[in-house]
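Values in this document were obtained by computation on a predicted structure and should not be read as measured data.
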Amino acid sequence: MSCVERGQGMNHGIADAASLVTKLKSALDDHSSVKNAVKSYNAEMIERAGDEVATSKENTEMIHDWSRMMDSAIMQRGGHPRSHK
């Protein structure tokens with residue numbers, strides 16, 4: 001399952017590239033371990049993207065369950081959390 005249903009793939013790709021470049025540049029500037037920089041990037045990326053993947057999975061499952069979809073915030077209130085039914 002991926003973030004593509006909600007268009008988050010490109011956003012995460014940009015954030016991933018920026019983070020990895022920053023961490024690698026810092027490692028090279030500080031003469032520290034590139035391996036540790038990559039490990040740090042990987043942990044950050046998994047944490048950041050994990051929520052998006054879970055949300056994407058939930059949305060995908062919801063659209064295959066008509067009653068659950070009809071009860072969702074987007075169908076009940078147009079996505080506005082404070083709107084009334």
Side-chain angles (χ1 to χ4, degrees):
M1 203 62 57
S2 70
C3 304
V4 255
E5 293 95 356
R6 296 177 42 248
Q8 293 299 311
M10 187 171 94
N11 294 339
H12 282 284
I14 292 168
D16 289 346
S19 175
L20 182 58
V21 166
T22 300
K23 289 182 184 313
L24 289 174
K25 184 177 182 317
S26 179
L28 294 174
D29 289 347
D30 298 340
H31 304 289
S32 61
S33 168
V34 170
K35 185 176 181 177
N36 286 341
V38 172
K39 283 183 180 180
S40 173
Y41 155 76
N42 194 45
E44 174 190 301
M45 181 267 303
I46 289 171
E47 183 178 334
R48 179 174 34 78
D51 183 52
E52 289 297 335
V53 171
T55 300
S56 226
K57 181 178 184 286
E58 183 179 343
N59 287 340
T60 299
E61 290 171 353
M62 184 171 49
I63 64 170
H64 290 91
D65 181 340
W66 188 251
S67 61
R68 187 174 168 202
M69 186 174 104
M70 294 307 292
D71 288 337
S72 71
I74 195 72
M75 298 303 284
Q76 294 293 316
R77 300 181 296 272
H80 302 289
R82 291 192 170 89
S83 297
H84 298 287
K85 290 185 181 182

Donor-acceptor under 3.5 Å (Ser26 side chain, Thr22 main chain): no
Contact check, side chains of Met75 and Asp71, non-hydrogen atoms, under 4.5 Å: no
Atom pair NE2/CD of His64 and Glu61 - distance to nearest 0.5 Å: 9.5 Å
same_hphob_cluster(Leu24, Ile46) at 4.5 Å side-chain heavy-atom cutoff: yes
Which atom of Glu44 lies closest to which atom of Ser19, heavy atoms considered: OE2-OG, 2.6 Å
Beyond-backbone contact of Asp16 with Arg48, side-chain heavy atoms, under 4.5 angstrom: yes
Expected output: side-chain Thr60 to main-chain Ser56 donor-acceptor under 3.5 Å: yes
Euclidean distance, Asp30 CG relative to Lys25 NZ, rounded to 0.5 Å: 9.5 Å
Tyr41 reachable from Val21 in the ILVMFWY side-chain graph, under 4.5 Å edges: no
